[in-house]
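Labels below follow one simple rule: chain letters A, B, ... track the order of the sequence lines, proteins then strands, and each chain is numbered from 1. Model, not experiment: these values are computed from the prediction.
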Number of protein chains: 2
Amino acid sequence: MSKDGKPKTKARGLDRAFAILDHLCQVGLPQRPIEIAEGMGAPKSSIYDLVALLLASNVLEKIDADGRVFLGPKLNFWSTNYRKHFDLGGIVRPILENVTARTRETSQFCTLDGDKYYVAMMNEGNRPFRISADVGERTPIPWTASGRLLISHLSDQEIIDLIPEEDFHLPDGSYLEPSSFIESVRKANADQFFDFDSIADNFTHCFAAPVYGLNNRCIYTLCIIAPQGDAEKNYDEYRSALVEAAEILSKKLTAQTSSMSEMAAE
Amino acid sequence: MSKDGKPKTKARGLDRAFAILDHLCQVGLPQRPIEIAEGMGAPKSSIYDLVALLLASNVLEKIDADGRVFLGPKLNFWSTNYRKHFDLGGIVRPILENVTARTRETSQFCTLDGDKYYVAMMNEGNRPFRISADVGERTPIPWTASGRLLISHLSDQEIIDLIPEEDFHLPDGSYLEPSSFIESVRKANADQFFDFDSIADNFTHCFAAPVYGLNNRCIYTLCIIAPQGDAEKNYDEYRSALVEAAEILSKKLTAQTSSMSEMAAE
DNA sequence: CAAATTGTTCCGGTATATCGGAATACATAT
DNA sequence: ATATGTATTCCGATATACCGGAACAATTTG
């Protein structure tokens, strides 16, 4: 590290490679190596190297003749194995369907990726409307109801450290005080539930219930996105549907995980 | 590189990291770093390093207090994005269900990972029985009907180079001559179809039809696993059901890919 | 067709990742 | 407790990956 402000340290290939994958997720479209390098602010030659390596292992895939690449089939292979063991998909899908059947609203299965929230699975309600966040799209934690639950195991300081300053600036331009955000986190944890009028639009209401994994940490949430009128009218009904579904899911998922580690321990 | 037979070259972190993921897929259970190192025949200290890095980026996940790790939630995030764009899942699932509805047999969606075949999606038939290969399990290409189609774009030499010698030894102990395997590959390609009595057991029959991607390469297959009696009785019916489904799927998937690359090109 | 611009490959110096082996921590048996 | 065995961390030498910049190729523009 040099004496002035520039750390000037070489980035590790692994981290850069993963950053490429994250970058492509964010862009959501195939890109050429140079676009990736510029988009990430990374050295060109390194990105060319890494893209070639990732193509060779099929972690990236060449999409067109112009050299654009995107997430590759190897990821599908790994995730097929991941999902086989935790069986997200098989377990979660019917539960979402059940929630939507009971409430007729759009239901989602959400979790964290680093310091962001994302929707891992979605089940459209009977009268679908444009949802703020699409499947797989990373969204600032404070913008979401689920976010309150997903970080409730952290201390105040850890929360402050985790969440980037800019994520407290809500999409409507207003600023959410970290302290009042943390208050809502504590309340969500106490209630094992959180709901509020969506801050991404002004006509929907979000309900979120925690799904617990090992050592009772909330690792996923189930949530419902409903028009505010419906939400008010059916509040108790929706809330209990969601909480019950989340409890069932917690049991099923922890059963999975513990049976797997027992098998590993022979 | 030393003078005797030992190349003695350091492995690149990326490749080893990916090898760790592949190894865990193969084992199918959480493992401790030392088990991974020994299972892969890799240097211990390197594996400890890499496992720590992969844990930090959530590509691996700590499963129990003994330090066992397994595929992590980051893979789920990436694959959520992968699947969102290619929408395997959304497109393939109903097609498999349709095939199974028409034939009442177990249907599968298969592809390659490196020099091995695997089942990426499965739909159990109305009277399920134990299938030879589970979802996500890597199987030698020559053991499968789909394998013939998935490599049919390769030259004879490329096929020989790709497939490890030992994969021509079938599970029943017999040896399949590469030349006669290649013959069956060429026939499969000409027929755009392949079927045979399963070589993993002696009571099922496998049908496979090609799903084509860009430049008309067979990148996936649809297949049916049926009891031999049923297979014979309903041969034409099953075959056409599968071929029709595969054609529909080819169209849908290529439409996806090309629309994506058009968007990227603005 | 030349010039300018943009995209890709090549190359070499140096920061650093890999890996053998030693040191240490942990677990189990004596 | 002590001994024995196993798992993990630490450490340092050196092979090599990363990256700046030059060379080269492709594409667009005048």
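The environment of Arg186(B) atom CZ is dense: over 12 non-hydrogen atoms of other residues, nucleotides or ligands sit within 6.0 angstrom.
Tyr117(B) is linked by a ring-ring contact (aromatic ring centres under 6.0 Å, His included) to nothing, counting only residues two or more places apart in sequence or in another chain. Residues meeting the salt bridge (Lys or Arg N to Asp or Glu O under 4.0 Å) test with Asp22(A), sequence neighbours left out: Lys74(B). For His169(B), the ring-ring contact (aromatic ring centres under 6.0 Å, His included) test picks out Tyr175(B), with sequence neighbours left out. Residues that satisfy the side-chain contact (heavy atoms from CB on, under 4.5 Å) test with Lys251(A), not counting sequence neighbours, are absent from this structure. Every residue meeting the side-chain contact (heavy atoms from CB on, under 4.5 Å) condition with Ala19(B), not counting sequence neighbours, appears here in chain and number order: Met40(B).
End-to-end axis angle for the helix from dC1(C)-dG30(D) to dT30(C)-dA1(D), using five pairs per end and rounding to 10°, comes out at 40°.
Taking a 4.0 Å limit (strictly below) on heavy-atom distances, residues 16-30 of chain B reaches DNA chain C at Arg16(B).
Among pairs with a residue in residues 59-84 of chain A, those fulfilling ring pair (Phe, Tyr, Trp, His ring centres under 6.0 Å) read Phe70(A)-His85(B), Phe77(A)-Tyr118(B), Trp78(A)-Phe18(B), Tyr82(A)-Phe86(A), at least two apart in sequence or across chains. Residues in residues 41-63 of chain A take part in no ring pair (Phe, Tyr, Trp, His ring centres under 6.0 Å) pair, two or more places apart or across chains. Pairs of residues two or more places apart, or lying in two chains, that qualify as side chain to side chain donor-acceptor pair (under 3.5 Å) and include a residue from residues 54-65 of chain A are Asp64(A)-Arg68(A).
Along DNA chain C, the stretch of nucleotides lying under 4.0 Å from any heavy atom of chain B spans, 5' to 3', dA17(C) to dG21(C).
In this entry the distance linking CD1 of Ile47(A) with C1' of dA17(D) reads 13 Å, nearest Å. One can place CZ of Arg32(B) at 7 Å from C1' of dA7(D), the figure rounded to the nearest angstrom. The CE-C1' distance, from Met40(A) to dC19(D), rounds to 13 Å in whole Å.
For Ile34(B), the listed nucleotide lying nearest its side chain is dA7(D); candidates were dT16(D), dA7(D), dC18(D).
Two residues, Tyr48(A) and Leu53(B), neighbour DNA chain C, and the one matched to the more 5' nucleotide by heavy-atom proximity is Tyr48(A). In terms of position on DNA chain C, the residue among Asp66(A) and Leu14(B) whose nearest nucleotide sits closer to the 5' end is Asp66(A).
Using a 4.5 Å heavy-atom threshold, the side chains of Asn216(A) and His153(A) count as separate. For the pair Asp167(B)/Ile141(B), no side-chain contact is recorded, criterion being any heavy-atom separation below 4.5 Å from C-beta on. Inter-residue side-chain proximity for Leu24(B) and Asn81(A) is flagged as unmet; no heavy-atom pair is nearer than 4.5 Å.
Residue Ser46(A) places at least one side-chain N or O under 4.0 Å from the OP1 or OP2 atom of dC19(D).
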Please tabulate, one pair per line, each protein N/O and nucleotide N/O from nucleotides 10-14 of chain D that are separated by under 3.5 Å, including the distance.
residue: dT14(D); atom: O2; partner: Lys10(B); partner atom: NZ; Å: 3.1

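The pair Asp113(A)-Arg138(A) meets the salt-bridge criterion, since a charged nitrogen lies less than 4.0 angstrom from a carboxylate oxygen.
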